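Some notes on the structure that comes next.
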Amino acid sequence: MPTRQPARIKARRTPGDLLAGLGALIVLVALIAGVPYALYRLAGPPLPPELLNLDLLTSQVGTSTIVAILVLLVWLAWLQLVVCVLVEIYAGLRRVGMPARVPFSGGTQMFANRLVSAAMLLFTVSAVALPIAKLTSLPPSGPSVVSTGLSSVSGPAAGERAELEPVRKAKKVYVVQPPHGRHHESLWEIAEKCLGDGRRYPEIYRLNQHKEQPDGSRLHMADLIRPGWVLDMPDDARNIHLVPASQPRDDTLKDHRDKPVELDGRTQTITPGRADLPAEPAPEVSDPRDRAGDAGDAGDRAGADGTGGAREAGPDRARQDTTRDPAPAERPPRAVPDTVPDSGRQEPGQAERQEPGQVERRDPAAVPEPGGSAESADGTGGAESGQDAGLGALDYLAGASLAAAGLLAALGRRRRQQLWHRAFGRRITRPRDDAAQAELALRLGADAPGSRMLDIGLRLLGRSLAAENRVPPTIYAAHLSPQTLDLWIHPPDPEAPAPWTAHDGGQVWRLPAHEGRMIDERALADAPAPYPGLVSLGSNGEGRVLVDLEAAHGPISINGPQTTAALAALAVELATNRWSDRMRVTLVGFGEELTVIAPDRIRYVGALAEILPELEAGAGGRAHGGEVLTGRIHGRAADPVCTPHYLLSAIAPTPEEGRRLALLARKGVRTAAGYVVAGEVPHATWNWTITQEGRAEVDALGFDVAAQLLPRRQYRALIDLFLATERLEGEPLSDEPEAVTDTPSVEVRVLGPAEVVGPPPMEEGRAVIAVEMAVYLATHPGGVHPVVLGGILWPRGVQPVVRDATIARVVAWLGTDSQGRPNLYADESGRLRFGPEVRSDWMLFRDLVRRSHANPAGRPALLDRALSLVRGPLLNGRPRGRYAWLAADDLEYNVTAGVADAAHRLCEVRLARGETDQAVAAVRAGLLLAADDEGLWRDLLRATHLTADPVRLRAVVDALHRRAASHPYGGGMAPETEALIDELLPSWRMRSAPTA
């Protein structure tokens, strides 16, 4: 639409302008002429004789010398003011625009600017020096008024001109352009083109966050934009479209649905949803900090922290928090298309997608799910059903860092039970598709150190308070960051037990992270959990914000379009957290499938009426007030006092049910219970609101954070992940023949700590990503495209130039083979492959096992040689956050089962020959890597029993018992293993009973 021309400012001086100008002129004259006159008469010249005496440097400084120095400083300040005034007068008279900046004169030049501007009103209306205040501030985010600025009025006198209409407010919008070849736009590039500086992309992100776009989706992450989206722009943007500021957004989207844009000299029309444009770019995230000019070092930083350069610190690192805009130094990624070119190199914006036969790296939620009719997690349709469209598991599961840590521990327990049923020649069932991507997200986002600090810190606090016979304070909220754990307590108490310290008058008790890491976890093995009701509300951009459900002292009302997603997230974290001992979580009207995650904690009912009688019956005998916390800290973890019961309901209560819920709270007294109920709840003590944009607001606490949510797609992926652990039949081991060289120039070792033998040492910062690249390529001999490799090694994304620089560095590091051929090269299809003189120890292991099948006579020697390659757990000691691709890969499953089977086979061969000691050695070699495979432990028990040495057998039984009792995933021993111990050593239970 045409833009109305701005009206000129009328030339008019008011009496107030004249008085202000006259006053400013008098002040200027006084400062320029009066001040030096007074200084000279009263204090003397700038350099008095005292300062001209050369003996000043060696003699004692007296009072007169100090006074002379002060006088000199005053003269210098006056001179600085004079320079500022002259600069401002020059700028105003010559109309050069922004005045020159006088060094070290911020406040002084501001003062001079105002005086000169006011004084010049006596002589001209508009020849005013431009203000210099807030030069570094960002432009206002709201719509601006189109005006003429401060240029002088020219042409006929304003009074002789026809009166023009007032200037109408306008706003600026930009339409995201379609891909051109392999190039896709990003917010950074739009900021460069329209604002002149790519680092200003957070301004565009803030203006458009969560706003609806023509295709029905919304901007939730700075790296996910699509062609055809209409973006609101800052006031100083150029190369944009102007629309009236009052125009509704729906009308703006309609007006710009087919808006032509200029792209490389040719006009194109954008139509969202067109078949010839990708419906959803694969959301691979580029590392925003890595620029082409610093590709090498940036790639090392990306590899060192395991996040592709994205911020990983602390518990809240996988998800881009919506309360905190990306740092100006971070560059958002560009959208990428759905096809992979044939060439080996990728230009900026090229797709990072799966090649045939390669591990899938596409985000499971890259393509939006059908809206409208889709069901939410509780089986009901509604506004919530489409909230995760276009968002991947990384946004939610990785962002829920504490819940992710608990879920991985629960998953580990289930995998141990799968191993109890594993048959020879088969591996446990691994997850596929969205479930595999969910596990990848959990591995990326899990904050195990933060979860440990919260758990151990609270248990230590409870034990310290119990030792001092103090009543624990009410903790209504907590904040966990990479640096500290803060507890917000009531009433304030300045006496915090060490190593906790009190802050803000005792309102906050703080545990520094370095103190938390030094706490002896074993010394607190039996310490009870005092605050099991703490659960993550969301993130404030600096860390996780948690609230204590029990501290509400009454029912909590939760409302908003994403209520069910918030309740599901609460349920998952409550059921899997490690800072509680025992609890019950009752889900009402949603989450029936969540019982598969923690059946001992979660149960489901269809209506509040089913659970209220039980809650009311148990409320009478329940401890209240200080008895709850005091009883807990004096109890034991194995037998906790005041076991809590938390009710999460997605069904709004009737008035009668609401009244009964309020009575359960005993008029605001703390109980070992918490109630979070959707809808309006009478007498609710806290009111939570989960907004459409994913914000969590708690009125009573004043919180407004990015909510922790578990939307429908992530919910289903999580359920599928745990359902896969119930498939006990397993899967057949893959057995693909591979050519193995006997004289390798490079050997990649994965059966233990990751090592690359042959090339010269690489500096530690760069070796991490280089070794991981070598491991992936060595375990995928079919080759992998550089684009796919980038998505695997940097799951949150990486700039193509950084990826290519890293690959080039690894190529140079690995060198050439004996024939002068590169050990790492790109084949005709562009895939990266290792040369014939590169092998892995896993490749050699499988070759030796395969040869043993065809050579019964040499089987023991071949299997011995294969097991000698095992040096410890698979990729033992891998850096945190790295090798997340294992979650969606066969390697981990194949290696564990393959090593266990080889050890089992060799044990049988040795026992058949009566070589019991060699059989024991074979099993122990397998246990180095497959320590959770209890089939190997049973082999060890049988082989040790046949040595006829009861002491050795007792040692094995004790070691197995200790391992089962202290295993990080828990779960004890398999029933079959216990039965075998009963058969071989009937007295073991009596000796182990005290430690059980």
Side-chain angles (χ1 to χ4, degrees), residues 416-428 728-735 737 751-752 841-842 844-874 893-957 959-960 963-964 973-985 988:
R416 283 198 69 206
Q417 295 173 5
Q418 273 187 295
L419 281 172
W420 295 351
H421 300 275
R422 188 187 73 84
F424 181 83
R426 301 181 71 85
R427 68 186 189 194
I428 63 174
L728 304 181
E729 70 278 8
E731 301 172 332
L733 281 170
S734 60
D735 187 20
L751 304 179
D841 55 354
W842 172 235
L844 178 59
F845 181 96
R846 294 209 299 177
D847 182 66
L848 292 169
V849 171
R850 189 180 304 110
R851 287 159 56 189
S852 73
H853 295 165
N855 184 8
R859 181 173 299 168
L862 290 170
L863 291 178
D864 262 332
R865 184 182 170 194
L867 289 171
S868 69
L869 300 173
V870 178
R871 297 169 292 114
L874 175 69
Y893 299 86
N894 284 338
V895 169
T896 304
V899 170
D901 285 354
H904 172 73
R905 186 185 297 273
L906 181 57
C907 175
E908 287 187 331
V909 171
R910 294 296 191 189
L911 290 178
R913 297 184 177 187
E915 301 168 346
T916 54
D917 287 337
Q918 291 89 334
V920 169
V923 176
R924 290 193 177 278
L927 286 172
L928 285 176
L929 189 144
D932 284 338
D933 194 310
E934 290 205 19
L936 284 184
W937 283 100
R938 291 192 289 272
D939 285 341
L940 182 60
L941 287 169
R942 296 188 189 96
T944 306
H945 175 70
L946 292 176
T947 63
D949 187 343
V951 176
R952 292 178 66 181
L953 180 60
R954 166 63 65 179
V956 173
V957 171
L960 180 56
R963 175 179 174 80
M973 284 185 287
E976 188 177 352
T977 305
E978 292 193 28
L980 179 61
I981 297 176
D982 286 333
E983 176 186 344
L984 301 180
L985 191 66
W988 80 277

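Just so it is clear, the model here is predicted, and its values are computed rather than measured.
Applying the side-chain hydrogen bond (donor to acceptor under 3.5 Å, both in side chains) criterion to Thr916, with sequence neighbours excluded, gives no partner residue. Residues passing the salt bridge (charged side-chain N to carboxylate O under 4.0 Å, His left out) test with Asp917, sequence neighbours excluded: Arg952. Contacts of Arg913 classified as side-chain hydrogen bond (donor to acceptor under 3.5 Å, both in side chains), with partners at least two apart in sequence or in another chain: none. For Arg905, the side-chain hydrogen bond (donor to acceptor under 3.5 Å, both in side chains) criterion is met by no residue, not counting sequence neighbours. Residues that satisfy the salt bridge (charged side-chain N to carboxylate O under 4.0 Å, His left out) test with Arg851, not counting sequence neighbours, are Asp847. The ring pair (Phe, Tyr, Trp, His ring centres under 6.0 Å) test applied to Trp937 returns no partner, not counting sequence neighbours. With sequence neighbours excluded, no residue forms a salt bridge (charged side-chain N to carboxylate O under 4.0 Å, His left out) with Arg426. Not a single side-chain hydrogen bond (donor to acceptor under 3.5 Å, both in side chains) links His945 to another residue, sequence neighbours left out.
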What verdict does the side-chain contact (heavy atoms from CB on, under 4.5 Å) test give for Arg427 and Asn894, after you've listed the backbone C-alpha separation in whole Å, the side-chain angles of each residue and the deciding distance to 0.1 Å?
CA-CA 7 Å; Arg427 68 186 189 194; Asn894 284 338; 2.7 Å; yes
Audit row: Leu941, Leu953, side-chain contact (heavy atoms from CB on, under 4.5 Å) steps and yes/no
CA-CA 7 Å; Leu941 287 169; Leu953 180 60; 4.1 Å; yes
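Listed here is the closest heavy atom pair of Gly425 and Asp901: N-OD2, 2.8 Å. The heavy-atom pair separating Ala897 from Leu733 by the smallest distance is CB-CD2, 3.7 Å. Heavy atoms only, all atoms of each residue included: Leu867 and Val899 are closest at CD2-O, 4.1 Å. Scanning both residues, Leu940 and Thr944, for their nearest heavy atoms gives O-OG1, 2.7 Å.
Distance alone, capped at 3.5 Å, is enough to place a donor-acceptor pair between the Asp841 side chain and the Leu751 backbone. Looking at Glu934, its side chain does come within 3.5 Å of a backbone N or O of Ala974 through a donor-acceptor pair.
By the 4.5 Å heavy-atom criterion applied to side chains, Leu862 and Val849 are not counted as neighbours. By the 4.5 Å heavy-atom criterion applied to side chains, Arg422 and Leu419 are counted as neighbours. In this structure the side chain of Leu960 reaches within 4.5 angstrom of the side chain of Ile981, judged on heavy atoms.
The CD1 atom of Ile428 sits 11.5 Å away from the NE2 atom of His421 when rounded to the nearest 0.5 Å. Note: Asn855 CG to Leu863 CG = 10.0 Å, rounded to the nearest 0.5 Å. Taking CZ of Arg954 as the reference point, atom CG of Asp949 lies at 12.5 Å (rounded to 0.5 Å). Summarising the geometry, atom CZ belonging to Arg416 is positioned 11.0 Å from atom CG belonging to Asp933; distances are rounded to the nearest 0.5 Å.
Note on residues 896-931: pairs passing ring-ring contact (aromatic ring centres under 6.0 Å, His included), not counting sequence neighbours, are Phe424-His904. Evaluation of the salt bridge (Lys or Arg N to Asp or Glu O under 4.0 Å) test over residues 852-867, restricted to residues two or more places apart or in two chains, returns Asp864-Arg910. Sequence neighbours left out, the pairs with a member in residues 845-873 that pass ring-ring contact (aromatic ring centres under 6.0 Å, His included) are Trp842-Phe845.
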Show the atom names and distances, to 0.1 Å, of all donor-acceptor pairs under 3.5 Å that link a side chain in residues 919-932 to residues at least two apart or in another chain.
{"from": "Asp932", "atom 1": "OD1", "to": "Arg963", "atom 2": "NH2", "distance (Å)": "2.5"}
{"from": "Asp932", "atom 1": "OD1", "to": "His967", "atom 2": "NE2", "distance (Å)": "2.9"}

